[in-house]
Amino acid sequence: GESVGLHLPTLSVQEGDNSIINCAYSNSASDYFIWYKQESGKGPQFIIDIRSNMDKRQGQRVTVLLNKTVKHLSLQIAATQPGDSAVYFCAENSGGSNYKLTFGKGTLLTVNP
Amino acid sequence: DAEITQSPRHKITETGRQVTLACHQTWNHNNMFWYRQDLGHGLRLIHYSYGVHDTNKGEVSDGYSVSRSNTEDLPLTLESAASSQTSVYFCASSPDFLGGYTFGSGTRLTVV
């Protein structure tokens with residue numbers, strides 16, 4: 001069936017470095033993608049989103065890249081801070097009047113001081 | 001401020017008992033969702049609702065039911081709790097456009 005997955009289950013970086021978290025999706029009908037951050041004991045929090053008519057979108061210290069050719073999504077975090085330590089999920093939506101999201105399994109990002 | 005709240009935060013119940021998890025949102029969102037989160041599976045959709053009196057099954061709906069009698073609430077009921085339903089449950093709501101998805105803080109349910 002269709003699924004959203006992640007290449008790396010864990011990622012460890014040094015404080016100040018840039019982080020890149022990857023996600024592969026298989027549903028070619030998906031036209032909206034979101035990255036969520038989940039801290040321990042909390043619900044997922046919206047970070048940034050992107051529609052399929054875009055290749056790149058930037059937020060504060062975060063950038064999402066979408067490569068529709070290879071069905072790949074990435075989240076780049078600049079100057080990673082200890083507060084960025086969390087599990088990061090990508091999610092996809094296939095559009096229309098469907099508001100459901102399909103989530104990947106998550107990547108644990110650990111930032112070392 | 002608008003919010004989405006889940007209760008209880010933690011629950012321990014026995015196998016075979018009926019359990020209801022509450023979800024209440026003050027965003028006035030039409031759409032509400034229940035997910036369960038398990039290690040290795042990420043977030044999986046249990047049930048969802050696009051408005052009052054509307055309910056739909058998600059990918060892991062067996063053993064669960066929901067009802068939507070008003071805009072604010074979507075309670076999740078486990079008819080006869082099983083150990084396989086031990087999980088963390090998240091409720092979410094969204095308006096009628098993408099990008100407004102908001103999650104509650106979760107309920108950790110243990111079935112013994």
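Here is the naming used below: chain letters follow the sequence lines, and residue numbers restart at 1 for every chain. Model, not experiment: these values are computed from the prediction.
Aromatic pair Tyr36(A)/Tyr88(A): ring centres not closer than 6.0 Å.
With a 4.5 angstrom heavy-atom cutoff, Arg9(B) touches chain A only via side-chain atoms. Proximity to chain A (any heavy atom under 4.5 Å) is restricted, for Leu45(B), to the side chain, taken from C-beta onward. At a 4.5 Å heavy-atom cutoff, the contact between Gln38(A) and chain B is made by side-chain atoms alone.
Residues from residues 22-38 of chain B that place a non-hydrogen atom less than 4.5 Å from a non-hydrogen atom of chain A comprise Asn31(B), Phe33(B), Tyr35(B), Gln37(B), given in numerical order. When the heavy atoms of residues 101-112 of chain B are compared with those of chain A, the residues falling under 4.5 Å are Tyr101(B), Phe103(B), Gly104(B), Ser105(B), listed by number.
Counting heavy atoms from C-beta on, the side chains of Ser19(A) and Leu11(A) come closer than 4.5 Å. Put simply, the side chain of Ile50(A) reaches to within 4.5 Å of the side chain of Leu73(A), judged on heavy atoms. Counting only heavy atoms from C-beta outward, the side chains of Leu75(A) and Ile47(A) approach each other to under 4.5 Å. A heavy-atom distance below 4.5 Å is not found between the side chains of Leu108(A) and Pro9(A).
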Stepwise side-chain hydrogen bond (donor to acceptor under 3.5 Å, both in side chains) check, Tyr64(B) with Tyr89(B)
CA-CA 12 Å; Tyr64(B) 303 94; Tyr89(B) 291 86; 2.7 Å; yes
Carefully, step by step, assess Thr110(A) and Ser85(A) under the rule side-chain hydrogen bond (donor to acceptor under 3.5 Å, both in side chains).
CA-CA 5 Å; Thr110(A) 301; Ser85(A) 294; 5.6 Å; no
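The distance from the CD1 atom of Ile20(A) to the CD1 atom of Ile77(A) is 10.0 Å, given to the nearest 0.5 Å.
Ionic pairing of Asp62(B) and Lys57(B) is not present here: no N-O contact between side-chain nitrogen and carboxylate oxygen is shorter than 4.0 angstrom.
The closest donor-acceptor contact from the side chain of Arg17(B) to the backbone of Val19(B) lies at 3.5 Å or more, if one exists at all.
Between Leu66(A) and Ser52(A) the shortest heavy-atom distance is CD2-CA, 3.7 Å.
Ranked by heavy-atom pairs shorter than 4.5 Å toward chain A, the options Val88(B), Asn56(B), Leu43(B) are led by Leu43(B).
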